[in-house]
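A quick write-up on the structure given underneath.
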2 protein chains.
Amino acid sequence: MPKNCNFIEKLRDVGLRPTKQRVKMCEVLFNREKTFHFTINELVKMISEQMNQKISLATVYNTVHAFEKKGYLKEISIDSHRSYFDTNTSSHHHFFDEDTHQLIDIDKNDIDTINLKKNISGKKINSIEVLVRVASDNQNQK
Amino acid sequence: MPKNCNFIEKLRDVGLRPTKQRVKMCEVLFNREKTFHFTINELVKMISEQMNQKISLATVYNTVHAFEKKGYLKEISIDSHRSYFDTNTSSHHHFFDEDTHQLIDIDKNDIDTINLKKNISGKKINSIEVLVRVASDNQNQK
DNA sequence: ATACACATTATAATAATTCTAAACTATTGA
DNA sequence: TCAATAGTTTAGAATTATTATAATGTGTAT
């Protein structure tokens with residue numbers, strides 16, 4: 001059984017047609033042990049490297065957004081110039097290394113569950129995200 | 001004593017020349033009781049309204065970034081298309097109302113201090129930010 | 001196999017931000 | 001007080017990231 005099969009099913013399940021490009025993107029994104037954090041640019045580069053044929057930039061954007069909408073990907077915004085996507089869509093938190101520009105999962109055991117004593121009235125909490133910015137200990141008067 | 005005086009001093013203190021534009025921006029940003037959350041677009045609009053003469057968009061960007069670098073403003077990134085600045089640069093957390101697109105401070109008493117049991121080795125924590133996305137209770141299957 | 005709805009593509013368009021170079025202004029010190 | 005100068009503002013051009021367009025291609029149900 002080829003490893004694509006589950007991706008084809010997975011895509012069908014959420015109502016996305018399993019096109020060549022989408023299946024390829026699934027392979028790149030989800031065929032790995034650990035969760036994966038990436039920018040659009042990094043993803044485009046990886047796909048180009050792993051595919052013989054070219055993929056359109058528009059397709060990558062469309063597909064990433066389709067995956068996001070269907071709950072396969074989650075966006076993590078760092079600042080106005082840097083936005084990542086995360087293959088781990090469950091509720092979890094991140095370190096952002098300002099030296100290497102890497103996003104790193106915070107282990108569930110290393111942070112207490114956030115609990116709010118009050119919420120905005122009439123509103124429902126959709127998500128709670130913690131971002132911990134870290135940088136090298138010496139060069140910190142940038 | 002005109003209310004500008006302290007802004008002129010404040011600007012001098014951090015090594016920024018107190019130009020007309022910067023003093024005006026200080027007035028708009030810091031001459032208020034509560035902390036202020038704004039996008040660049042909103043700020044440009046407010047300044048234009050309060051000033052007789054026009055201000056260049058480039059100046060607003062430059063000045064906001066100068067203020068940010070000097071610690072007068074903090075950026076809060078919501079997603080790749082929406083970035084706010086906050087006049088409250090002390091460590092605190094936010095609600096983001098996905099209906100009204102408003103950023104709202106979380107009262108210090110309503111959230112426990114985040115404490116991490118582990119940090120990335122060799123790294124120093126620069127900031128810890130919590131973002132709580134909320135939306136109207138009914139229309140939540142968007 | 002066919003038809004239809006949906007996807008992909010290259011390219012154009014848009015939007016947000018930064019760059020550029022000329023004109024301007026605050027500061028310094030003679 | 002008055003240059004000199006260093007930093008600032010400006011309009012507009014350039015750049016970058018993202019989205020729209022419209023033609024072509026493809027997956028799926030019949």
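Every chain is numbered from 1 and lettered A, B, ... according to where its sequence line falls, protein lines coming before strand lines. What you are looking at is a predicted structure, and each value in this text was computed from that prediction instead of being measured.
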**Report entry** Minimum-distance nucleotide to A:R17 side chain [options: D:dA11, C:dA10, C:dA5]
**Finding:** C:dA5
Query raised in the report: Would you say C:dT18 has OP1 or OP2 under 4.0 Å from some side-chain N or O of B:Y61?
Result: no
Query raised in the report: If you check the A:R22 side chain, which of D:dT10, D:dT28, C:dT8 turns out closest?
Result: C:dT8
Query raised in the report: For atom NZ of A:K54, is the number of surrounding heavy atoms from other residues, nucleotides or ligands below 6.0 Å larger than 12?
Result: no
Query raised in the report: In terms of the nearest nucleotide of DNA chain C, which residue is placed more toward the 5' end: A:T63 or B:I40?
Result: A:T63
Query - Nucleotide nearest B:L57 (side chain, heavy atoms from C-beta), chosen from D:dA11, C:dT17, D:dT9 - result: C:dT17
Query raised in the report: Taking the side chain from A:Y72 and the backbone from A:K10, do they hold a donor-acceptor pair closer than 3.5 Å?
Result: yes
Query raised in the report: Of all the nucleotides listed (D:dG12, C:dT9, D:dT26), which has the minimum atom distance to the side chain of B:A58?
Result: D:dG12
Query - A:K20 NZ to D:dG25 C1', straight-line distance once rounded to whole Å - result: 9 Å
Requested in this report: For B:G15 and for B:S80, find the nucleotide of DNA chain D with the closest heavy atom, then tell me which residue's nucleotide is more 5'.
Outcome: B:G15
Report summary line: Whole-Å distance, B:I47 CD1 to D:dT9 P, equals 11 Å
Report summary line: With the side chain defined as heavy atoms from C-beta on, B:Q21 is closest, among D:dT10, C:dA26, D:dT19, to D:dT10
**Report entry** Candidate pair B:F85 and B:F67, rule ring-ring contact (aromatic ring centres under 6.0 Å, His included), full reasoning
**Finding:** CA-CA 10 Å; B:F85 289 89; B:F67 284 175; over 10 Å; no
**Report entry** Distance below 4.0 Å between A:H81 side-chain N/O and C:dA16 OP1 or OP2
**Finding:** no
Requested in this report: Rounded off to whole Å, could you give me the CG-to-C1' distance for the A:L11 and C:dT8 pair?
Outcome: 15 Å
Query raised in the report: Can we say B:E42 and B:K45 salt-bridge, meaning some charged N sits less than 4.0 Å from an Asp/Glu carboxylate O?
Result: no
Query raised in the report: Are B:T19 and D:dT9 close enough that a side-chain N or O sits under 4.0 Å from OP1 or OP2?
Result: yes
Query - Distance below 4.0 Å between B:H65 side-chain N/O and C:dT18 OP1 or OP2 - result: yes
Report task. Specify the residue among A:N41 and A:N62 whose closest nucleotide of DNA chain D lies further upstream toward the 5′ end. Result -> A:N41
Report summary line: To the nearest angstrom, the CD-P distance between B:E42 and C:dA16 comes to 12 Å
Query raised in the report: Whole-Å distance between C:dA7 P and A:Q53 CD?
Result: 17 Å
Report summary line: note: A:R82, atom CZ; C:dT17, atom C1'; distance rounded to Å ~ 15 Å
Query raised in the report: Does NZ belonging to A:K117 count more than 12 external heavy atoms closer than 6.0 Å?
Result: yes
Report task. For B:D79 and D:dT18, give me the distance from atom CG to atom P, rounded to whole Å. Result -> 11 Å
**Report entry** Atom pair distance, as rounded to whole Å: CG in A:D13 and P in D:dT28
**Finding:** 13 Å
Requested in this report: Pick base, sugar-phosphate or nothing for A:R12, based on heavy-atom distances below 4.0 Å to the nucleic acid.
Outcome: sugar-phosphate
Requested in this report: Determine yes or no for a side-chain-to-main-chain donor-acceptor pair under 3.5 angstrom, with A:K70 supplying the side chain and A:V14 the backbone.
Outcome: yes
